[in-house]
Structures are given as C-alpha cells and as structure tokens.
Number of protein chains: 2
Amino acid sequence: MASDNSSVITQLRKMISEGEYRQGERIGEVRVAEDLGVSRTPVRLAFRTLEQEGLLERTGKRGFVVREFSERDVQVAVEVRGVLEGLAARRLAEAGLTDPVREQLEHCLAEGDALFRKGYLEDADITAWSRLNGHFHRTIIEATGTRVIADAIRRNDHLPFASAESIIIDKHCLDGEYRKLFMAHQQHWLVYQALREGEGARAEMLMREHAYIGLRYGSLFGLTG
Amino acid sequence: MASDNSSVITQLRKMISEGEYRQGERIGEVRVAEDLGVSRTPVRLAFRTLEQEGLLERTGKRGFVVREFSERDVQVAVEVRGVLEGLAARRLAEAGLTDPVREQLEHCLAEGDALFRKGYLEDADITAWSRLNGHFHRTIIEATGTRVIADAIRRNDHLPFASAESIIIDKHCLDGEYRKLFMAHQQHWLVYQALREGEGARAEMLMREHAYIGLRYGSLFGLTG
DNA sequence: TTCTGTTTTTTTGGATCCATAAAAGGCATT
DNA sequence: AATGCCTTTTATGGATCCAAAAAAACAGAA
C-alpha cells in the first residue's frame, strides 16, 4: 500500500463512484476505516479532501454524507468544463501559439488522422485515442501559462462521472463509438485551426461545444487522475 | 475556540493571505501547531483542505509549501469567476426568472438605487452595498438550481485575493470608490434586464465583464466564507 | 399513545505515541 | 578543499487514547 493516505482517497472515490456507498448515505469514519483496514487517521484526512472535491458534504454538526448529484448537476458540470476549457482556448488563441505548443497539437492531430484512417477502431485504438485526446486538452490548458484553469477543471471533474455516463450518454450519444470519437477528432481540428488563426472567440465557442461530446471521456483526460 | 478545526483553517487562510507565511515557503505541521497553540491533528486536517483549495501544495514526497501566485494567476482567476457566473446567468436567462428570484433581484436593485441616490457613500453604505452585491450574485448562482457552479466559484475564490487587490486594483481601478461601485450597480441593472428579457448570451457576456470590476469585492460576495 | 426528560451509546475532534523516511550534519578519504 | 558515506536529527504518516458532543435509546408522565 502507498505510504501516504492517497490510496485511501483513491479507494473512497472509486467506492463512491461505483455506488458502494450510496448517494445521500451517511458515512462514518470507523466503518470506512474497518472497510479499508486502516485506522481512522487516514480516513479522516481523506474525508477532508473528498469534502473539498465535492464528493462528501458535512451533515449538520457532525459527520459526512455522500453527496447526491442530480441529472442537472451533471449537465452543469459538463458546461462548467466547457466554459473553463473555452477560456483556456480563447486566451491561448489571443496570446498566439508558440512553436512547441503548435507542434504538440499537430502531433495529436496527425496521430489521430492515422487512427481513423482505416475506418474502424479496435480496443487498442480507443486507448490510443484517449491518450491523444488527453494530450490535446492538456496541451491547451497548460499552454495558458497558469495552473488556475487546470485546477478548476480538475476539481470540477471529481464529480462522479461514472454515473454521469449512465445519465447523459444513453440520451444524447451518437450511434456508434467510431462516429463519436471521429467527431471529437474533427472538433479538435477546428479548435486547432481557430487557435492557429488567433480566432479567440471561435476557439472558445468550439471548445465549449466540444465539452458535451467530451463528457464520456472525462476521466480519461488525464486531468482527474 | 470553535469545536472543529475550521478555526485553524480560517486562521491559516488569513495568515497566508497576509503574508505571515510567505509564498513558496515550506510550512511544517509542528511549527504551525505551535503558532496556533493546538496539536498537530487539526493542522494536518487543515493542510488537506487548504491543499484542495489551492493555497498549499505538496513539495516532493513530504510536506507542503505555500503556493505562489503570479499576476497572471490572479488575472485568470478573475476570468474564471467571470465565465462561471456568466454560465449561471445564461442558464438562468434561458430557463426564465421565477417570481421569487425576480423579486429578490429587484429588491437588490431598488436598495442599490437608494444607496447611490445621495451622490456619495459613507462606510456604512459600502457595507450595505457589499451585502446587496453578494445577495445579487448569490441569487443568480443559486437560482440555477444546482450547487455545481457555486462550488466551482467558491473553490476558485480561495486564491489569495488580498494580494490580488494590490496587484490588480492599482492598475485598473477607476478613479474613485463611489464611481466604481456605482458602475457595478449599473452593471447589475444591465444583467437584470438581460435576465428579464431572456437574453442568455447577453446576460452571460455582461456577467463576464462584471467579474473584472467585481474582483475587488471577491471576498465580500459571501460565497467564500 | 404520545410527548418529554434522562440516560446510554455512538461518533467525532483533539492530543499523544511510535515507526519510518527524508533531510541535515559530520567525518573520513581522496 | 571537495566529495562520498555514515550518523543524527527532524518531520511526517499512522495508530491509539481520551474527552465531549450529538444521536439514539429508554423510561415516565400526561
């Protein structure tokens, strides 16, 4: 097991996402400590972290409950990601792409083109795409030269997107994995073009729209951990 | 002293904002515990909270340092607030104002009108304005029917805006307290009108612009605590 | 039966203890 | 004098202990 309490945090996140501790359920230090086989101390620390992440909330004077997320919460969380990434894109477009940033984005796009060329995706391709996708987004966010936006996105992304999938995807998703990912890839191209041309407003708008399709892969962006 | 460790958190935030622990400085549990006259336990808990808030960050394997904020960080933090409140305003405009929300906004505006009528502001008036301002913003954010946006704003607002003031205000501020607050009040009117007319895009844009002037009073919005 | 006041239990917050890992400091050798 | 190794110190993570407060259980009276 890891030396600090990060493994407790990770496990708790997972258990909450997977519904092992149900939404709205009161969650006690002792029980969790027993479940995970550790003492109360790392659990207490983890509770503070999870509280800030928004997965737990204090109930009255004492104790925590697993936070409940409505369908609207998830919808808004997606839009929050959209406006934050849109902000990053606009700033980047207005500041102008540096050569290394441009090269990284072009690398992602070229690799993506190669991936979709054969007309279908295998599992390994989807994994590869996830990595490329994460790299593309991270490049833009980090190129803003500040951690503020990345932090805001990361904190927002701790919402239980596992359940988000079941809520959103069933309704809005397109008719196939390939088509969906290919559309995301095409959106990346549009964003890149706008960035390249210094069209800040357009880059922002495109990123905001892109967030909706990106939801499905929120946890794969590499930002959340 | 308070029963839980919230007072430790509050004091630490304050000490960091005020530069008692300098940016980039390594911060140890023992020393802080001694400084505050408590044991290490509440300090350890507070460190986790402050870490999530972005005021502290881990250094290597062990310990925390006070996070450093650049001028750009503060600038971007303001814009983050702007896009988040803009998102709230757009959603609200598109969903339509309910009567109680409309009444609360109109109350803030009427009270504000009264405040500015006499052409100058006393200290008590500024206090009153801060309350009205916070109420106006909170009304819009809470009217979205989800805590997601409010949470994102609150977390973002834990940046040390105390130093933010010294960075931003000296450069961009208008030529007087009265004029600045009056302009903010007028912006509230514009936002209200856009909300009332269901003009989502305009409401969003106005809120984003409003964030720049709102920075000075970030900690008075009542969202930060 | 229901409301209320009391007692018991549970659970959290804070303090302390211990083990361990990182950092610091000293010493020897080249 | 500089570098590498070893010892000492220090700080953190985890476990346990204790006190206090909240919740729950219980008993008695209207």
Side-chain angles (χ1 to χ4, degrees), chain A residues 1-16 19-68 154 158 225, chain B residues 1-16 19-68 151 154-155 158 225:
Chain A
M1 60 188 83
S3 57
D4 58 359
N5 72 333
S6 59
S7 68
V8 172
I9 296 174
T10 307
Q11 289 182 75
L12 262 173
R13 275 204 211 102
K14 187 159 171 279
M15 291 168 95
I16 291 173
E20 196 151 345
Y21 298 118
R22 266 173 301 201
Q23 298 198 349
E25 178 182 348
R26 190 190 169 98
I27 192 172
E29 294 175 1
V30 181
R31 183 187 152 198
V32 174
E34 286 171 358
D35 286 354
L36 300 183
V38 294
S39 82
R40 276 178 52 214
T41 306
V43 175
R44 289 180 69 188
L45 295 172
F47 277 14
R48 271 32 182 221
T49 299
L50 269 350
E51 179 195 17
Q52 286 302 111
E53 288 179 359
L55 261 62
L56 301 180
E57 54 189 347
R58 285 177 197 266
T59 156
K61 287 286 182 190
R62 185 159 242 148
F64 293 87
V65 296
V66 179
R67 176 157 163 200
E68 297 180 272
R154 182 171 33 75
H158 284 297
Chain B
M1 59 187 83
S3 57
D4 58 359
N5 73 331
S6 60
S7 69
V8 172
I9 296 175
T10 307
Q11 288 181 78
L12 262 173
R13 275 204 211 104
K14 187 157 170 278
M15 292 168 96
I16 291 172
E20 196 152 346
Y21 299 118
R22 266 171 303 202
Q23 298 198 349
E25 178 183 348
R26 191 193 169 97
I27 192 171
E29 294 174 2
V30 182
R31 185 188 151 198
V32 174
E34 286 171 359
D35 286 354
L36 299 184
V38 295
S39 82
R40 276 177 53 215
T41 306
V43 176
R44 291 179 68 188
L45 295 172
F47 277 13
R48 270 36 181 215
T49 298
L50 269 350
E51 179 196 18
Q52 287 302 113
E53 289 179 358
L55 260 63
L56 300 180
E57 54 188 348
R58 287 177 195 265
T59 158
K61 287 288 182 188
R62 198 169 214 103
F64 293 87
V65 297
V66 180
R67 176 156 164 201
E68 298 179 270
D151 286 349
R154 180 171 34 75
R155 291 191 288 245
H158 284 297

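We name chains A, B, ... by the order of the sequence lines, and we start the count at 1 in each one. Just the heavy atoms: all of them, side chains too, but no hydrogens, waters or symmetry mates, feed the values below.
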Query raised in the report: Just how far, in rounded Å, is P of dT12(C) from CD of E34(A)?
Result: 11 Å
Report summary line: When rounded to whole Å, the CZ to P distance for the pair F64(A) and dT11(C) reads 15 Å
**Report entry** Residues, nucleotides or ligands: over 12 heavy atoms within 6.0 Å of R58(A) CZ
**Finding:** yes
Requested in this report: Please determine if a side-chain N or O atom of R40(B) lies less than 4.0 Å away from the OP1 or OP2 oxygen of dG14(D).
Outcome: no
Query - T41(A) side-chain N/O to dG14(D) phosphate OP1/OP2 under 4.0 Å - result: no
Report summary line: Picking from dT12(D), dA15(C), dA15(D), the nucleotide nearest the side-chain atoms of S39(A) would be dA15(D)
Requested in this report: Compare the minimum distances between each of dG14(C), dA11(D), dG14(D) and the side chain of L45(B), then state the nucleotide with the smallest one.
Outcome: dG14(C)
Report summary line: Taken to the nearest whole Å, CZ/R26(A) to P/dT12(C) is 6 Å
Requested in this report: Using only heavy-atom distances, decide whether a donor-acceptor pair under 3.5 angstrom links the side-chain of R44(A) to the base of dG14(D).
Outcome: no
**Report entry** Any R48(B) side-chain nitrogen or oxygen under 4.0 Å from OP1 or OP2 of dG13(D)
**Finding:** yes
Query raised in the report: Checking all strands, does R31(A) fall into the base, sugar-phosphate, or nothing category for heavy-atom contacts under 4.0 angstrom?
Result: nothing
Query - Test applied, side-chain contact (heavy atoms from CB on, under 4.5 Å); reference residue, E34(B); option that passes from L36(B), V30(B), V38(B) - result: V30(B)
Requested in this report: Taking only the side-chain heavy atoms of E29(B) (C-beta and beyond), determine which of dA15(D), dG13(C), dG13(D) contains the nearest atom.
Outcome: dG13(D)
Query raised in the report: Is there a donor N/O on one and an acceptor N/O on the other, under 3.5 Å, for the side chain of R62(A) and the base of dA21(D)?
Result: yes
Requested in this report: Calculate the interatomic distance between K61(A) atom NZ and dG13(C) atom C1'; express it in whole Å.
Outcome: 14 Å
Query raised in the report: Are R31(B) and E25(B) within salt-bridge range, i.e. N to O under 4.0 Å?
Result: yes
Report task. Salt-bridge test for E53(B) and R155(B): reply yes if a basic N is under 4.0 Å from a carboxylate O, no otherwise. Result -> no
